[in-house]
Undergrad: 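Take this structure, written in C-alpha coordinates, and hold onto it; I'll ask about it next.
Any value given below was found using the heavy atoms of this structure, including those in side chains, with hydrogens, waters and symmetry copies removed.
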Amino acid sequence: TAVAAPNSPQLGAAPPFNRRDAAVLSRRAPGRPLAHRAVVAQASTDQGRRRPCSGRRREAHAVQSERDPRALPGRALPDRAIFGPLAAYVADSAVTDVFVNPDGSLWIDRGAGAEPQPRIRIPAGEARELAVRLVAAGGRHLDEATPAADVRIGAGIRVHGVLPPVSPDAAVLSIRLPREAALDLDALERAGMFDRVTRSSADELVRRRANVLVTGAAGAGKTTLLGALLASAPPGERIVLVEDVAELRVPHPHVVRLEA
(Lines give C-alpha, C1' and ligand atoms only; values in the text may rest on other atoms or scores of the structure.)
Protein backbone atom coordinates (compact mmCIF):
# COMPACT_ATOMS: atom_id res chain seq x y z
CA THR A 1 0.00 0.00 0.00
CA ALA A 2 1.04 3.57 -0.48
CA VAL A 3 0.42 4.38 3.18
CA ALA A 4 1.77 1.42 5.09
CA ALA A 5 2.69 0.36 8.58
CA PRO A 6 6.43 -0.22 9.01
CA ASN A 7 7.63 -3.76 8.35
CA SER A 8 4.17 -4.99 7.39
CA PRO A 9 4.45 -8.65 6.30
CA GLN A 10 2.06 -8.02 3.41
CA LEU A 11 3.70 -4.87 2.20
CA GLY A 12 7.39 -4.97 3.08
CA ALA A 13 9.40 -2.53 5.15
CA ALA A 14 8.44 1.13 4.93
CA PRO A 15 10.86 4.07 5.18
CA PRO A 16 11.35 5.51 8.68
CA PHE A 17 8.89 8.08 9.91
CA ASN A 18 10.00 11.70 9.86
CA ARG A 19 8.43 14.95 10.96
CA ARG A 20 7.46 16.26 7.56
CA ASP A 21 5.37 13.12 7.05
CA ALA A 22 3.18 14.16 9.97
CA ALA A 23 1.86 17.35 8.37
CA VAL A 24 -1.71 17.83 9.40
CA LEU A 25 -4.16 18.16 6.53
CA SER A 26 -7.22 18.97 8.58
CA ARG A 27 -9.35 21.35 6.59
CA ARG A 28 -12.74 19.81 6.08
CA ALA A 29 -13.76 18.42 2.71
CA PRO A 30 -17.15 19.38 1.26
CA GLY A 31 -20.17 17.34 2.26
CA ARG A 32 -19.96 14.51 4.70
CA PRO A 33 -16.49 13.34 5.67
CA LEU A 34 -16.04 10.24 7.68
CA ALA A 35 -14.02 10.09 10.82
CA HIS A 36 -12.25 8.00 13.47
CA ARG A 37 -10.40 5.79 10.98
CA ALA A 38 -6.80 4.81 10.49
CA VAL A 39 -4.75 2.44 8.35
CA VAL A 40 -1.36 3.28 9.82
CA ALA A 41 -2.19 5.46 12.79
CA GLN A 42 -4.86 8.08 13.08
CA ALA A 43 -5.28 10.11 16.23
CA SER A 44 -8.74 11.50 16.80
CA THR A 45 -10.29 13.87 19.25
CA ASP A 46 -13.96 14.54 19.62
CA GLN A 47 -13.26 18.12 20.63
CA GLY A 48 -13.75 20.96 18.21
CA ARG A 49 -16.64 22.21 16.16
CA ARG A 50 -17.60 21.55 12.57
CA ARG A 51 -17.22 24.25 9.97
CA PRO A 52 -20.53 25.66 8.84
CA CYS A 53 -21.85 24.55 5.47
CA SER A 54 -21.79 27.25 2.84
CA GLY A 55 -24.20 28.18 0.10
CA ARG A 56 -27.89 29.03 -0.02
CA ARG A 57 -28.69 25.73 -1.64
CA ARG A 58 -27.45 23.67 1.32
CA GLU A 59 -29.15 26.03 3.80
CA ALA A 60 -32.44 25.66 1.96
CA HIS A 61 -32.01 21.90 1.99
CA ALA A 62 -31.50 21.95 5.76
CA VAL A 63 -34.64 24.05 6.22
CA GLN A 64 -36.65 21.66 4.08
CA SER A 65 -35.33 18.71 6.09
CA GLU A 66 -36.39 20.33 9.35
CA ARG A 67 -39.91 20.79 8.03
CA ASP A 68 -40.44 17.40 6.46
CA PRO A 69 -37.60 14.84 6.33
CA ARG A 70 -39.77 12.49 4.29
CA ALA A 71 -39.67 14.90 1.34
CA LEU A 72 -35.90 14.62 0.90
CA PRO A 73 -33.97 12.34 -1.46
CA GLY A 74 -33.27 9.16 0.44
CA ARG A 75 -30.13 7.33 1.43
CA ALA A 76 -30.33 3.60 0.77
CA LEU A 77 -30.76 1.72 4.07
CA PRO A 78 -30.24 -2.02 4.57
CA ASP A 79 -33.42 -2.19 6.69
CA ARG A 80 -35.39 0.99 7.27
CA ALA A 81 -37.62 -0.57 9.92
CA ILE A 82 -34.82 -1.19 12.43
CA PHE A 83 -34.21 2.56 12.78
CA GLY A 84 -37.74 3.14 14.06
CA PRO A 85 -38.52 6.83 14.66
CA LEU A 86 -35.06 7.79 13.35
CA ALA A 87 -35.54 6.24 9.90
CA ALA A 88 -36.56 9.44 8.12
CA TYR A 89 -33.49 11.26 9.38
CA VAL A 90 -31.08 8.40 8.74
CA ALA A 91 -32.41 8.14 5.18
CA ASP A 92 -31.88 11.87 4.57
CA SER A 93 -28.74 12.16 2.42
CA ALA A 94 -27.95 15.58 3.96
CA VAL A 95 -27.71 14.22 7.51
CA THR A 96 -24.25 13.30 8.81
CA ASP A 97 -25.02 12.41 12.44
CA VAL A 98 -28.02 11.46 14.56
CA PHE A 99 -27.90 11.65 18.38
CA VAL A 100 -30.36 10.41 21.02
CA ASN A 101 -29.57 11.73 24.50
CA PRO A 102 -30.56 10.28 27.89
CA ASP A 103 -33.32 12.87 28.31
CA GLY A 104 -34.97 11.58 25.12
CA SER A 105 -34.00 14.57 22.99
CA LEU A 106 -33.05 14.05 19.35
CA TRP A 107 -30.25 16.04 17.73
CA ILE A 108 -29.45 16.06 14.01
CA ASP A 109 -26.28 17.27 12.27
CA ARG A 110 -26.49 18.23 8.61
CA GLY A 111 -22.92 19.51 8.42
CA ALA A 112 -23.36 22.78 10.33
CA GLY A 113 -23.35 21.32 13.84
CA ALA A 114 -25.90 19.38 15.86
CA GLU A 115 -29.35 20.92 16.10
CA PRO A 116 -32.24 19.82 18.38
CA GLN A 117 -35.45 18.39 16.91
CA PRO A 118 -38.07 19.62 19.41
CA ARG A 119 -40.96 17.79 17.75
CA ILE A 120 -39.54 14.37 18.61
CA ARG A 121 -39.02 12.89 22.07
CA ILE A 122 -37.97 9.27 22.54
CA PRO A 123 -38.97 7.67 25.87
CA ALA A 124 -36.22 5.92 27.85
CA GLY A 125 -37.63 2.43 27.26
CA GLU A 126 -37.99 2.97 23.52
CA ALA A 127 -34.48 4.43 23.29
CA ARG A 128 -33.05 1.36 25.02
CA GLU A 129 -34.91 -1.01 22.70
CA LEU A 130 -33.74 0.98 19.69
CA ALA A 131 -30.10 0.92 20.80
CA VAL A 132 -30.22 -2.84 21.48
CA ARG A 133 -31.87 -3.51 18.11
CA LEU A 134 -29.38 -1.44 16.11
CA VAL A 135 -26.35 -2.98 17.81
CA ALA A 136 -27.81 -6.44 17.19
CA ALA A 137 -28.19 -5.53 13.50
CA GLY A 138 -24.44 -4.93 13.50
CA GLY A 139 -23.77 -8.40 14.92
CA ARG A 140 -23.09 -7.58 18.57
CA HIS A 141 -24.96 -7.57 21.88
CA LEU A 142 -25.87 -4.60 24.05
CA ASP A 143 -27.02 -5.41 27.60
CA GLU A 144 -26.06 -4.99 31.26
CA ALA A 145 -23.02 -7.23 30.80
CA THR A 146 -21.87 -5.28 27.72
CA PRO A 147 -23.36 -1.79 28.17
CA ALA A 148 -21.41 -0.11 25.36
CA ALA A 149 -20.89 -1.24 21.77
CA ASP A 150 -19.79 0.20 18.46
CA VAL A 151 -20.95 -1.50 15.24
CA ARG A 152 -21.29 -1.04 11.49
CA ILE A 153 -24.60 -1.50 9.69
CA GLY A 154 -24.67 -1.92 5.94
CA ALA A 155 -22.17 0.04 3.88
CA GLY A 156 -20.63 2.17 6.60
CA ILE A 157 -23.44 3.36 8.91
CA ARG A 158 -21.72 3.49 12.29
CA VAL A 159 -23.78 3.03 15.45
CA HIS A 160 -22.60 3.54 19.02
CA GLY A 161 -24.93 2.60 21.86
CA VAL A 162 -24.49 2.99 25.62
CA LEU A 163 -26.78 1.67 28.37
CA PRO A 164 -26.84 2.03 32.17
CA PRO A 165 -24.79 1.79 34.30
CA VAL A 166 -22.23 3.40 31.96
CA SER A 167 -24.89 5.97 31.06
CA PRO A 168 -26.60 6.28 34.48
CA ASP A 169 -29.73 8.12 33.34
CA ALA A 170 -30.84 6.26 30.21
CA ALA A 171 -29.64 4.90 26.89
CA VAL A 172 -27.44 7.02 24.63
CA LEU A 173 -27.30 6.48 20.89
CA SER A 174 -25.20 8.04 18.16
CA ILE A 175 -25.36 7.21 14.45
CA ARG A 176 -22.74 8.42 11.99
CA LEU A 177 -23.69 8.29 8.34
CA PRO A 178 -21.34 7.92 5.37
CA ARG A 179 -21.17 10.38 2.52
CA GLU A 180 -22.75 9.28 -0.74
CA ALA A 181 -19.53 9.12 -2.77
CA ALA A 182 -15.83 9.07 -1.92
CA LEU A 183 -13.73 12.10 -2.87
CA ASP A 184 -10.40 11.76 -4.65
CA LEU A 185 -7.36 14.01 -4.27
CA ASP A 186 -8.41 16.13 -7.25
CA ALA A 187 -11.76 16.90 -5.61
CA LEU A 188 -10.07 17.70 -2.29
CA GLU A 189 -7.66 20.03 -4.05
CA ARG A 190 -10.55 21.88 -5.70
CA ALA A 191 -12.19 22.20 -2.27
CA GLY A 192 -9.09 23.87 -0.84
CA MET A 193 -7.83 21.10 1.42
CA PHE A 194 -4.25 21.62 0.23
CA ASP A 195 -3.97 25.33 1.01
CA ARG A 196 -1.48 24.70 3.86
CA VAL A 197 0.22 21.56 2.58
CA THR A 198 0.66 21.29 -1.14
CA ARG A 199 -0.94 18.62 -3.29
CA SER A 200 2.50 17.67 -4.63
CA SER A 201 3.63 16.92 -1.04
CA ALA A 202 0.70 14.54 -0.58
CA ASP A 203 1.44 12.84 -3.89
CA GLU A 204 5.06 12.42 -2.87
CA LEU A 205 4.07 10.75 0.43
CA VAL A 206 2.09 8.17 -1.53
CA ARG A 207 4.82 7.70 -4.12
CA ARG A 208 7.51 6.87 -1.55
CA ARG A 209 5.20 4.82 0.68
CA ALA A 210 5.79 7.06 3.68
CA ASN A 211 4.47 6.53 7.18
CA VAL A 212 1.67 9.09 7.63
CA LEU A 213 -0.18 10.18 10.77
CA VAL A 214 -3.52 11.92 10.12
CA THR A 215 -4.95 13.85 13.07
CA GLY A 216 -7.80 16.26 13.65
CA ALA A 217 -11.09 16.91 15.38
CA ALA A 218 -14.21 14.88 14.69
CA GLY A 219 -15.57 15.84 11.28
CA ALA A 220 -12.33 17.46 10.12
CA GLY A 221 -12.01 15.11 7.13
CA LYS A 222 -9.41 12.61 8.36
CA THR A 223 -11.03 9.56 6.80
CA THR A 224 -11.91 11.42 3.62
CA LEU A 225 -8.28 12.40 3.19
CA LEU A 226 -6.97 8.96 4.09
CA GLY A 227 -9.31 7.27 1.63
CA ALA A 228 -8.24 9.66 -1.13
CA LEU A 229 -4.55 9.02 -0.44
CA LEU A 230 -5.06 5.26 -0.57
CA ALA A 231 -7.14 5.48 -3.74
CA SER A 232 -4.28 7.27 -5.47
CA ALA A 233 -1.92 4.31 -4.97
CA PRO A 234 -0.96 2.52 -8.21
CA PRO A 235 -3.41 -0.27 -9.15
CA GLY A 236 -0.67 -2.88 -8.71
CA GLU A 237 -0.41 -2.15 -4.98
CA ARG A 238 -2.31 -4.29 -2.46
CA ILE A 239 -4.05 -2.24 0.22
CA VAL A 240 -4.88 -3.92 3.54
CA LEU A 241 -7.28 -1.95 5.77
CA VAL A 242 -7.48 -2.82 9.47
CA GLU A 243 -10.22 -0.92 11.32
CA ASP A 244 -12.06 -1.47 14.59
CA VAL A 245 -15.31 -0.71 12.75
CA ALA A 246 -15.05 -0.75 8.95
CA GLU A 247 -15.73 2.72 7.61
CA LEU A 248 -13.19 3.44 4.87
CA ARG A 249 -14.36 3.05 1.29
CA VAL A 250 -11.41 3.10 -1.07
CA PRO A 251 -12.06 3.05 -4.84
CA HIS A 252 -9.07 0.88 -5.72
CA PRO A 253 -8.95 -2.45 -7.59
CA HIS A 254 -7.06 -4.38 -4.88
CA VAL A 255 -8.37 -3.72 -1.36
CA VAL A 256 -8.64 -6.17 1.55
CA ARG A 257 -10.91 -4.97 4.38
CA LEU A 258 -10.42 -6.36 7.88
CA GLU A 259 -12.23 -5.55 11.13
CA ALA A 260 -10.33 -5.97 14.41
Side-chain angles (χ1 to χ4, degrees), residues 1-48 51 96 150 152 155-158 176 178-260:
T1 182
V3 185
N7 302 322
S8 167
Q10 296 95 343
L11 309 172
F17 177 85
N18 58 64
R19 290 182 181 274
R20 71 173 179 274
D21 294 340
V24 176
L25 308 176
S26 61
R27 182 166 177 175
R28 182 175 177 166
R32 163 74 173 93
L34 303 177
H36 308 297
R37 292 273 57 76
V39 169
V40 185
Q42 178 173 321
S44 172
T45 172
D46 288 332
Q47 303 302 316
R51 294 176 178 269
T96 66
D150 194 12
R152 173 180 54 84
I157 298 175
R158 186 166 184 173
R176 168 152 279 201
R179 60 174 297 111
E180 294 296 303
L183 298 176
D184 58 17
L185 291 178
D186 291 336
L188 296 182
E189 184 176 25
R190 290 192 297 270
M193 179 168 272
F194 299 108
D195 58 348
R196 295 180 61 189
V197 177
T198 65
R199 164 69 185 276
S200 59
S201 298
D203 289 334
E204 176 62 15
L205 293 175
V206 175
R207 187 197 65 77
R208 62 187 178 87
R209 301 161 60 95
N211 296 325
V212 177
L213 175 66
V214 183
T215 71
K222 301 182 297 297
T223 306
T224 300
L225 172 61
L226 185 56
L229 288 170
L230 291 169
S232 69
E237 297 280 5
R238 183 176 190 235
I239 298 175
V240 179
L241 308 178
V242 182
E243 307 174 77
D244 57 347
V245 176
E247 207 169 6
L248 273 166
R249 292 181 293 173
V250 181
H252 188 276
H254 197 173
V255 177
V256 177
R257 301 177 64 192
L258 304 176
E259 280 188 311

Undergrad: Just how far is it from atom NE2 of His252 to atom CG of Leu230, taken to the nearest 0.5 Å?
TA: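 Separation between the atoms: 8.5 Å.
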
Undergrad: When rounded to the nearest 0.5 angstrom, what is the spacing between CZ in Arg257 and CD1 in Ile239?
TA: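 So the gap between those two atoms works out to 12.5 Å.
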
Undergrad: Give me the atom names and distance for the closest heavy-atom approach of Ala228 to Leu183.
TA: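 Shortest heavy-atom contact: CB-O, 3.4 Å.
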
Undergrad: Of all residues at least two apart in sequence or in a different chain, which pass the side chain to side chain donor-acceptor pair (under 3.5 Å) check with Arg190?
TA: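 Arg190: no side chain to side chain donor-acceptor pair (under 3.5 Å) contacts found.
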
Undergrad: Could you tell me whether Asp203 and Arg208 make a salt bridge, using a distance below 4.0 angstrom between a side-chain N and a carboxylate O?
TA: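 So Asp203 does not pair with Arg208 through a salt bridge.
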
Undergrad: State whether the side chain of Glu189 and the backbone N or O of Phe194 hold a donor-acceptor pair below 3.5 Å, judged by distance alone.
TA: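 Not confirmed, Glu189 side chain does not pair with Phe194 backbone.
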
Undergrad: Suppose we screen for side chain to side chain donor-acceptor pair (under 3.5 Å). Which residues come up paired with Asp186, at least two apart in sequence or across chains?
TA: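 Asp186 satisfies side chain to side chain donor-acceptor pair (under 3.5 Å) with Arg199 only.
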
Undergrad: Report the C-alpha distance between Leu225 and Leu188 in whole Å, list the side-chain angles of each, state the deciding distance to 0.1 Å, and finish with yes or no for side chain to side chain contact (heavy atoms under 4.5 Å, CB included).
TA: CA-CA 8 Å; Leu225 172 61; Leu188 296 182; 4.2 Å; yes

Undergrad: What pairs meet the salt bridge (charged side-chain N to carboxylate O under 4.0 Å, His left out) rule with one or both residues in residues 223-232, with sequence neighbours excluded?
TA: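 As it turns out, there is no salt bridge (charged side-chain N to carboxylate O under 4.0 Å, His left out) pair with a partner in residues 223-232 once direct neighbours are skipped.
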
Undergrad: Evaluate salt bridge (Lys or Arg N to Asp or Glu O under 4.0 Å) for Glu237 paired with Arg209, printing each intermediate quantity in order.
TA: CA-CA 11 Å; Glu237 297 280 5; Arg209 301 161 60 95; 3.0 Å; yes

Undergrad: Checking the side chain of Lys222 only, and the main-chain atoms of Gly216 only, is there a donor and an acceptor separated by less than 3.5 Å?
TA: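 Judged by distance alone, yes, a pair lies under 3.5 Å.
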
Undergrad: Measuring from atom CG of Asp184 to atom OG of Ser232, what distance do you get when rounded to the nearest 0.5 angstrom?
TA: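 The CG atom of Asp184 sits 9.0 Å away from the OG atom of Ser232.
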
Undergrad: How far apart are the closest heavy atoms of Ala260 and Val242, and which atoms are they?
TA: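 It is CB-CG1, 4.3 Å.
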
Undergrad: So which heavy atom on Glu243 is nearest to which on Leu248, and how close?
TA: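 Minimum heavy-atom separation between Glu243 and Leu248: OE1-N, 3.1 Å.
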
